[in-house]
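Data block below; observations after.
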Amino acid sequence: MAPPAPEPPLHVMLVCFPGQGHINPFLRLANLLASHGLRVTFTINLSTARKMKSLPSSQRRSQELKLEPNTSSSSHSGAAVHFDFFDDGHDEESIKRVPLDQLMTLLEQTGRRALPEMVRKYADQGSPVSCFVSNPFLPWVSDVAATLDIPCAVLWIQSCASFTTYYHFHNKLAEFPTPEDQERDVVLPGMPVMKHDEIPSFLHPTTPYGFLATAILGQFAHLDNVFCVLMETFERLEEEIIGHVSSFCKVRPVGPLWLGAKASVGPGDLMEADDDCIGWLDRQEPRSVVYVSMGSIVGISAQQRVEMAHGLMGSGLPFLWVVRPSHEEGEDADLGLPEGLGERGKVVRWVPQEAVLGHVAVSCFVTHCGWNSTLEAIGSGKPVVAFPQWGDQVTDAKFLGEVFRVGVRMGRGDTWTKLVTREEVERCLREVTVGPRAEEMRENAARWKREAEAAVEEGGSSERNVREFVEEVKKKSVEMTRRKTETTTL
Ligand SMILES: O=c1ccn([C@@H]2O[C@H](COP(=O)(O)OP(=O)(O)O[C@H]3O[C@H](CO)[C@@H](O)[C@H](O)[C@H]3O)[C@@H](O)[C@H]2O)c(=O)[nH]1
């Protein structure tokens, strides 16, 4: 008699929002789950996927479309990361012109139709979807999952501090700044007191991005639909806050995903990296270079670029600066940087950031404090100059400076309109590199690096949480199959 056919691996479908800050942690989670023997389907809108795949395979970090998991075990037949895309009716160029609020609606309309079709397709292929992992900007995914009777988790890709702040705001559990009292402090359990410009700025009454608050808060209205919140953080980093959040919500800190996933993240970069930046770093003295990057979305004004340039030059330190024109200026606009800038520094449009931060030549990181960059700095043990612009970045900056104690904050208030002068840039750079607290910041950064590595090692808190999540998905899958069998036989 022929042996029974092997069971297909559990199948988890990750639904990602089209932004670099989302794609990176989602791809990292995809790799990680596949290394635990799951089949993972990474789903995103087609026009974004085209940009991800079009990158040259020679690029240092973004290798070719990665279909095999980073696993040493061969026992998980069929386990891998697969890609599947839903058509949003746009191409790579036209999607860039869709305003963010309209993009949200477009993704919901096209995604709501496409996901059930994909689920049917996989069931027909003998690889039914056992679990969805949704994105905080796509709260409707958990509705779709509920309609299909498939369990759904969410990957929260910002800090637990931001999570609890949004939660308390959504549920009206604390006092927040109001139009009448714009400078009110915010007091939340397990958190240091936050000033009005330290809460995620979308929650402030003066924000021009109210629709983003609505989108993010949508996740909290759907929290009952998800059986667990995977979080891109680690227990030691936000111990007290995670402890408090665990009293009202099932959270599993699984980060830093970039350290845990170990492998390259696949074809995630939406921009092409400079070919020579690592070679350039190799030619610099150890612990000498200032690395400057404002992530994938933030563009600083032309005037601010000039101040930054003079501040960098005035510091006398070599620098690697990732800078692009702002969205309003357009991709091809001239950066208008002062002459002589190239003598001590290298100006590029995109780098393989993990490799840059891990390079021995880099001494500190001037960052906008997106949560991915924050965790990449923490996991690389580099002190920071925090230059937040909006959203969770201002909260992350507070934690980097005052709680993790690995840096200083540059500029306060509305940095969109207020200029941070060249003198201020220089002063902050001096403070983190040679100032009286520089050594202490370096030691703290080195300690956080060790903590981050310990969290993702075998038996570490994040590694354990991933394993327990996989077990939970298995149990839920068995329950789901039993429920469906009972329904069919009735
Ligand atoms: O030259 C570069 C610049 C950036 N990166 C990567 O791009 C990602 C950027 O992510 P992040 O640091 O989080 O910044 P944003 O792209 O600005 O992220 C958005 O999404 C994040 C997650 O929700 C939020 O925390 C931020 O506030 C929001 O701006 C990181 O993984 C970086 O390693 C590169 O690889 N090369």
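In each ligand, atom 1 is the first atom listed, and ligand 1 is the first ligand listed.
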Of the backbone atoms (N, CA, C, O) and the side-chain heavy atoms from C-beta on, which set of [X] has a member under 4.0 Å from an atom of ligand 1: side chain, backbone, both, or neither?
| X | result |
| --- | --- |
| Glu354 | neither |
| Val351 | both |
| His368 | side chain |
| Gln158 | side chain |

Leu259 pairs by side chain to side chain contact (heavy atoms under 4.5 Å, CB included) with which of Glu457, Glu453, Glu376?
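Exactly one option meets the side chain to side chain contact (heavy atoms under 4.5 Å, CB included) with Leu259, and it is Glu453.
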Just one of Val40, Thr43, Thr41 clears the side chain to side chain contact (heavy atoms under 4.5 Å, CB included) bar with His82, so which one?
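When side chain to side chain contact (heavy atoms under 4.5 Å, CB included) is applied between His82 and each of Val40, Thr43, Thr41, only Thr41 qualifies.
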Report yes if some heavy atom in the side chain of Arg324 is under 4.5 Å from a heavy atom in the side chain of Glu329; otherwise report no.
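They are not in side-chain contact.
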Any side-chain heavy-atom pair of Leu27 and Phe83 under 4.5 Å:
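They are in contact (side-chain heavy atoms under 4.5 Å apart), so the answer is yes.
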Any chance you could measure [X], atom [atom1], to [Y], atom [atom2], to the nearest 0.5 Å?
| X | Y | atom1 | atom2 | value |
| --- | --- | --- | --- | --- |
| Asp276 | Leu281 | CG | CG | 9.0 Å |
| Thr395 | Met194 | OG1 | CE | 6.0 Å |
| His310 | Leu337 | NE2 | CG | 9.5 Å |
| Gln20 | Met52 | CD | CE | 8.5 Å |

Would you say [X] has any N or O atom under 3.5 Å from an N or O of ligand 1, going by distance alone?
| X | value |
| --- | --- |
| His22 | no |
| Asp396 | no |
| Val298 | no |
| Asn372 | yes |

Looking at ligand 1, does [X] have a heavy atom less than 4.0 Å from it?
| X | value |
| --- | --- |
| Arg349 | no |
| Trp390 | yes |
| Ser293 | yes |

Go through ligand 1 atom by atom and flag the ones less than 4.0 Å from a non-hydrogen atom of [X].
| X | result |
| --- | --- |
| Ile157 | 22 (C), 23 (O) |
| Asn24 | 6 (C), 7 (O), 8 (C), 30 (C), 31 (O) |
| Ser373 | 11 (P), 12 (O) |
| Val322 | 1 (O) |
| Gln20 | 7 (O) |
| Ile297 | 19 (C), 29 (O) |
| Ser296 | 15 (P), 16 (O), 17 (O) |
| Gly370 | 11 (P), 12 (O), 13 (O), 14 (O), 25 (O), 26 (C), 27 (O) |

Is Glu331 salt-bridged to Arg349, cutoff N-O under 4.0 Å?
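Looking at Glu331 and Arg349, the cut-off is not met.
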Any ion pair linking Arg405 and Glu402 (charged N to carboxylate O, less than 4.0 Å)?
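Salt bridge between Glu402 and Arg405, a charged N being under 4.0 Å from a carboxylate O: no.
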Show which side-chain atoms of residues 361-369 pair as donor or acceptor with protein atoms under 3.5 Å away, not counting sequence neighbours.
residue, atom, partner, partner atom, Å
Ser363, OG, Val289, O, 3.2
Thr367, OG1, Cys369, N, 2.8
His368, NE2, Gly370, N, 3.4

If you take the nearest heavy atom of each of Asp392, Leu270, Thr395, which one is closest to atom 25 (O) of ligand 1?
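Selected option, by shortest heavy-atom distance: Asp392.
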Restricting to ring pair (Phe, Tyr, Trp, His ring centres under 6.0 Å), what partner residues turn up for Phe220, sequence neighbours left out?
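Checked Phe220 against ring pair (Phe, Tyr, Trp, His ring centres under 6.0 Å); matches are Trp156, Phe163.
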